[in-house]
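Below is one structure, written out as structure tokens; comments come after it.
Every number for a ligand or one of its atoms is a count from 1 in the order of the listing. Excluded from the calculations below are hydrogen atoms, water molecules and symmetry mates; all remaining heavy atoms, backbone and side chain alike, are included.
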Amino acid sequence: MTELKNLDPAKLPRHVAIIMDGNGRWAKKRGMPRTFGHKAGVEALREIIKMSDELGIEALTVYAFSTENWKRSADEVGALMGLLLEYFTKELEELHRKNVRIRILGDIDGMPKGTERQQQALHKAIERTQNNTGLLLNIALNYGGQQEIVRAARILAEQTAQGSLKPEEITPERFASELYTHDEPEVDLIIRTSGELRLSNFLLWQCAYAEFYITDTLWPDFDREAYLTALQAFAGRNRRFGGV
Ligand code: FPP
């Protein structure tokens, strides 16, 4: 069994990103509605946040809801929004106590009508934890990687049009400074559960040099042991960043 103490702290990722996939299949295998899988997914997430905090990982980014997920049935969207509200209402104080800083990647105010309570809860969570100095927890919500890049391009285009920015001043660093993750380390490790080999519009810029770890484990089954195995695999990677 992989043990926490066997992990070399120097070989831990600074920033871990996770595509929490497979909730629906997990529920189906049990003859239960998809929502049941999402509920179990929240439990799995709680444990991974706890462990990331214990390990001293700087940033954890999880894909909770994409700009495309609104296409799911009204029932499923409603259930996910319900879980989200419950999570941010019930867990906020506990996260705050743990010195976790919550950030939302995505367009909160662009969420559809009927999600006002969720929007309020998200703004409150950001505000409440903004001065915390522990784990940075990014929740990607109403998020798309292409949308994030276009948003940054528009900000820079406006500055260029106004004359406050010269085109030649647009460098990768300047560009990255307009992303939701502006002051964060790039993603070192991206984990996708349930075996799909896709990026699904997640952190397209930030994953430029990320190490991929794909596991067949469905998200609700992704426990401490599974996370340790992923971290162990990362520790054994030889990262070259384009060099030799
Ligand atoms: C993908 O599984 C999962 C999602 C689209 C939602 C992830 C959300 C959570 C784990 C819980 C909500 C988060 C918070 C912060 C409260 P899927 O439904 O696509 O599974 P499938 O591919 O098996 O159908």
Identity and separation of the nearest protein heavy atom to [atom]:
| atom | answer |
| --- | --- |
| atom 20 (O) of ligand 1 | Gly24 N, 3.0 Å |
| atom 10 (C) of ligand 1 | Asn23 ND2, 3.5 Å |
| atom 3 (C) of ligand 1 | Met20 O, 3.1 Å |

Report yes or no: does Asn142 contribute a side-chain atom to a donor-acceptor pair with the main-chain N or O of Gly106 at less than 3.5 Å? no

With a 3.5 Å distance limit and no angle check, can you tell me whether Ser52 reaches the backbone of Ile57 through a side-chain donor-acceptor pair? no

Report whether [X] and [Y] are members of the same hydrophobic cluster (ILVMFWY, side-chain heavy atoms less than 4.5 Å apart, transitive linking).
| X | Y | answer |
| --- | --- | --- |
| Leu135 | Leu141 | yes |
| Val42 | Ile139 | yes |
| Ile190 | Tyr227 | no |

Classify the contact between [X] and ligand 1 as side chain, backbone, both or neither, using a heavy-atom distance cut-off of under 4.0 Å.
| X | answer |
| --- | --- |
| Asn69 | side chain |
| Arg34 | side chain |
| Leu45 | side chain |

On a heavy-atom basis, I'd like to know which of Thr35, Ile49, Leu84 is closest to atom 14 (C) of ligand 1. Leu84

Which option wins on minimum heavy-atom distance to atom 12 (C) of ligand 1: Ile18, Val42, Ile19?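 Result: the heavy atom closest to atom 12 (C) of ligand 1 is in Val42.
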
Can you tell me if Ser194 contacts ligand 1 (heavy atom of the residue under 4.0 Å from the ligand)? no

Would you please name every residue forming a side chain to side chain donor-acceptor pair (under 3.5 Å) with Arg237, sequence neighbours left out?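 Arg237 satisfies side chain to side chain donor-acceptor pair (under 3.5 Å) with Glu211 once adjacent residues are dropped.
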
Might you work through the salt bridge (charged side-chain N to carboxylate O under 4.0 Å, His left out) test for Glu47 and Arg224, ending with a clear yes or no? CA-CA 7 Å; Glu47 200 55 36; Arg224 292 176 75 88; 3.0 Å; yes

Less than 3.5 Å between some nitrogen or oxygen of [X] and one of ligand 1, yes or no?
| X | result |
| --- | --- |
| Arg72 | yes |
| Trp26 | no |
| Tyr87 | no |
| Ala64 | no |
| Asp21 | yes |

I'd like to check the salt bridge (Lys or Arg N to Asp or Glu O under 4.0 Å) partners of Glu58; sequence neighbours left out, ordered by chain and number. Arg14

For Arg25, take its heavy atoms, then give the atoms of ligand 1 lying under 4.0 Å from any of them.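 What qualifies from ligand 1 is 21 (P), 22 (O), 23 (O).
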
Under 4.0 Å from any heavy atom of His38, which atoms of ligand 1 are there? 18 (O)

Between Leu203, Thr61, Asn138, Ile104, which is the residue that forms a side-chain contact (heavy atoms from CB on, under 4.5 Å) with Tyr143?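 Checked Leu203, Thr61, Asn138, Ile104 against Tyr143; only one passes side-chain contact (heavy atoms from CB on, under 4.5 Å): Leu203.
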
Testing the basics here: between Gln130 and Glu127, what is the closest heavy-atom pair and its distance to 0.1 Å?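 Shortest heavy-atom separation between Gln130 and Glu127 comes out as CG-O, 3.2 Å.
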
